[in-house]
Q: 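The structure follows.
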Amino acid sequence: MLEIARIRENKEAIIELLKVRNFDGAPLIEKILKADENWRSSKTKLENVLAESNGIAKQIGQLFREGKQVEANEAKAKGAALKEEEKVLNDEVGGFAKELQELLFEVPNVPHPSVPQGNSDEENEVIDTPDTLPEKKDFWLPHWELAKKYDLIDFELGVKVTGAGFPFYKGKGARLQRALINFFLDEARDAGYQEIIPPFVVNENSGYGTGQLPDKEGQMYHDAKDDLYLIPTAEVPLTNMYRDVLLKEKDFPIKLTGYTPCFRREAGSYGSHVRGLNRLHQFDKVELVRIEHPNNSYAVLDEMTAYVQGLLKKLGLPYRTLRLCGGDLGFTSALTYDLEVYSVGQDKWLEVSSISNFETFQANRLKLRFKDEQNKKQLAHTLNGSALALPRILATLLENNQSEDGIEIPEVLVPYTGFDKI
RNA sequence: GGAGAAUUGGCAGAGUGGUCGAAUGCGGUAGUCUUGAAAACUAUUGUACCGCAAGGUACCGGGGGUUCGAAUCCCUCAUUCUCCGCCA
């Protein structure tokens with residue numbers, strides 16, 4: 001959520017930058033400024049009435065103490081009359097406040113100036129890609145066939161026990177998955193991240209804090225009985241650890257990592273996109289979260305991107321780096337880099353990580369602030385990135401390392417798996 | 001799940017309808033004293049919003065209500081503690 005003060009002061013610049021998202025912000029911004037004005041003017045009126053009525057109440061107390069019953073009763077009648085006025089104004093203020101809030105929720109984050117204009121993922125900017133891709137081999141299989149051939153993952157069993165998108169990992173498939181989780185967590189720890197095991201369900205406030213609510217409500221599994229949401233990513237509980245927190249400048253950098261399963265309803269997905277491990281309702285992910293000084297957040301974004309690229313290098317997976325265009329940029333993000341791994345079995349690029357700077361967009365909702373050198377309170381910047389999402393890593397690992405007589409395990413993983421070949 | 005008690009400023013802890021944004025102590029900040037530090041003493045010290053300002057409004061776990069007036073009374077929810085039940 002953008003700060004209202006920022007909208008007041010930088011209206012034109014914001015409208016201009018939102019165009020990069022193909023978002024015509026002008027009508028919405030105008031409505032917001034109007035609602036803001038209405039809110040402030042009725043609030044002033046209300047506060048004047050309250051001030052008067054507080055004054056009368058004080059007088060009444062005084063009059064009673066002095067034993068002046070008659071005057072007190074007169075004042076009481078006056079106070080009661082003001083109550084009516086107060087009620088009307090109070091409703092008015094509440095109405096404008098609600099309107100303003102709802103309108104503000106509709107404005108996406110302002111893209112960073114480096115974000116390219118574009119309508120869809122086809123216009124994302126490729127900023128780093130391998131010189132050559134692996135040469136095509138006749139025996140190459142997509143991972144779902146490899147999974148079946150070596151009995152690593154059972155999709156049908158998942159359908160029986162739960163539903164589509166909830167696979168069973170078995171034997172070496174399960175162990176490889178667990179090895180990857182441990183590898184990623186150890187790497188993150190070595191890079192200075194504190195490991196967290198958060199709750200896998202969160203309350204409504206947390207959903208609002210990171211921006212899943214209200215606009216992605218349908219993407220989360222919701223337990224109506226206790227009004228809790230299954231997390232779609234560890235970002236939600238990790239970032240919400242710092243909801244309503246006032247930091248000191250010396251608390252930076254805050255570097256958190258956590259492994260969690262992630263639950264997504266993925267309503268509306270279909271076809272080859274959901275084949276095999278490509279898109280699941282439950283998957284594992286190791287996430288990085290950073291809370292940083294605004295001056296530093298873009299350097300941190302680059303650092304995080306380089307870190308995740310390093311993981312892919314260690315695993316020997318061919319990857320490319322994209323700067324998301326305005327049309328593909330997430331609602332809450334100002335700048336996002338996606339990392340994609342080339343899947344030889346499917347002959348396509350699969351997104352395995354998304355690294356974003358949210359600037360103050362989440363911090364504003366979270367009330368996540370710090371005291372600067374002048375002892376003034378400022379919103380912090382939040383960032384996060386997958387490091388990494390497991391299913392597509394597993395898929396591309398199986399596909400890219402296959403030969404006619406098995407699948408090679410990357411050297412860095414062998415200490416974790418306990419086997420070097422499937 | 002059942003019964004009882006509690007929830008006040010950074011912390012501890014008063015306050016049961018008007019003089020309470022809230023005593024007092026600790027802590028924090030500034031100063032006096034000191035070669036320096038400690039101790040002592042003095043002053044100061046919550047947050048958010050509206051307003052150019054003066055100033056105003058709101059906040060005593062959250063929400064709602066009674067009243068001219070609520071930290072204080074009522075309803076409701078949450079959390080914590082104690083006891084019982086259940087349980088990895």
Q: If you only use heavy atoms from C-beta on, which nucleotide in B:G18, B:U47, B:U57 is closest to the side chain of A:Asn54?
A: B:U57
Q: Looking only at side chains, do A:Arg290 and A:Tyr193 share a donor and an acceptor under 3.5 Å apart?
A: yes
Q: Report the nucleotide, chosen from B:G51, B:G18, B:A58, that has the shortest atom-to-atom distance to any side-chain atom of A:Leu50.
A: B:A58
Q: Between A:Lys371 and A:Asp36, just flag the one whose closest nucleotide in RNA chain B comes earlier from the 5' side.
A: A:Lys371
Q: Could you tell me the separation between the CG atom of A:Asp244 and the P atom of B:A48, rounded to a whole number of Å?
A: 12 Å
Q: Taking any strand in view, what nucleotide pairs with B:C41 in a Watson-Crick or G-U wobble way, both distances under 3.5 Å?
A: B:G31
Q: So, OP1 or OP2 of B:G56: does either fall under 4.0 Å of a side-chain N or O from A:Lys43?
A: no
Q: Centre-to-centre under 6.0 Å for A:Phe166 and A:Phe155, is that the case here?
A: no
Q: For B:C20, which nucleotide in any strand shown is its Watson-Crick or wobble partner with both distances under 3.5 Å?
A: none
Q: Say we look at B:A5 and B:G9: how far apart would their C1' atoms be, to the nearest angstrom?
A: 24 Å
Q: Heavy atoms from C-beta onward define the side chain here; which of B:C68, B:U57, B:A48 lies closest to that of A:Arg369?
A: B:A48
Q: Quick one: look up who B:A58 pairs with, Watson-Crick or G-U, both distances under 3.5 Å, and put none if it's unpaired.
A: B:U47
Q: With respect to the side chain of A:Lys76, which nucleotide from B:C68, B:C49, B:A58 is positioned closest?
A: B:C68
Q: Select one nucleotide: of B:U47, B:C50, B:C68, the one nearest the side-chain heavy atoms of A:Arg40.
A: B:C50
Q: Determine the interatomic distance between P on B:U34 and the same-named atom on B:U45; round to the nearest Å.
A: 28 Å
Q: Closer than 4.0 Å, any side-chain N/O of A:Lys58 to the OP1 or OP2 of B:C68?
A: no
Q: Would you measure the distance from the P atom in B:A38 across to the matching atom in B:A30 and give it in whole Å?
A: 12 Å
Q: Distance check needed: B:C68 P versus A:Gln69 CD, whole Å only.
A: 15 Å
Q: Using atom C1' in both nucleotides, what's the gap between B:G17 and B:U67 to the nearest angstrom?
A: 9 Å
Q: Under 4.0 Å, counting only non-hydrogen atoms across every strand here, what does A:Lys377 touch: a base, just sugar-phosphate, or nothing?
A: sugar-phosphate
Q: I'd like the P distance from B:A71 over to B:U66, given in whole Å.
A: 16 Å
Q: In whole angstrom, give me the gap between the P atoms of B:U29 and B:A22.
A: 24 Å
Q: Between B:C77 and B:U82, how far apart are the two P atoms, rounded to whole Å?
A: 23 Å
Q: Salt bridge check: are A:Asp36 and A:Arg8 linked by an N-O gap of less than 4.0 Å?
A: yes
Q: Please report, rounded to the nearest Å, how far the C1' atom of B:U57 is from the CD atom of A:Glu52.
A: 14 Å
Q: Within this structure, what is the CD1-to-C1' distance between A:Ile4 and B:A48, rounded to whole angstrom?
A: 16 Å
Q: Please assess A:Thr210 against A:Glu235 for the test side chain to side chain donor-acceptor pair (under 3.5 Å), listing each intermediate value before the final yes or no.
A: CA-CA 8 Å; A:Thr210 31; A:Glu235 165 198 347; 5.0 Å; no
Q: For the pair made of CG in A:Asn90 and P in B:G63, what is the distance, rounded to whole Å?
A: 13 Å
Q: Send over the distance from A:Ile60 CD1 to B:G17 P, rounded to a whole Å.
A: 18 Å
Q: Please give, in whole Å, the distance from B:U67 C1' to A:Glu86 CD?
A: 12 Å
Q: Distance between the P atoms of B:G61 and B:U16, in whole angstroms?
A: 15 Å
Q: Under 3.5 Å for both donor-acceptor distances, Watson-Crick or wobble: does B:C83 have a partner, and if so which one?
A: B:G2
Q: Please report the distance, rounded to the nearest Å, between NZ in A:Lys78 and C1' in B:C68.
A: 11 Å
Q: CD of A:Gln194: more than 12 outside heavy atoms within 6.0 angstrom?
A: no
Q: Is there a donor in the side chain of A:Glu359 and an acceptor in the side chain of A:Asn109, or the other way round, less than 3.5 Å apart?
A: no
Q: Scan every strand shown for a Watson-Crick or G-U wobble partner of B:C26, both distances under 3.5 Å, and answer none if you come up empty.
A: B:G10
Q: Whom does B:G36 pair with, Watson-Crick or G-U wobble, provided both distances fall under 3.5 Å?
A: none
Q: Quick one: on RNA chain B, does A:Arg65 or A:Ala51 contact a more 5' nucleotide (nearest heavy atom)?
A: A:Arg65
Q: Establish, from distance only, whether the side-chain atoms of A:Asn357 and A:Glu292 form a donor-acceptor pair under 3.5 Å.
A: no
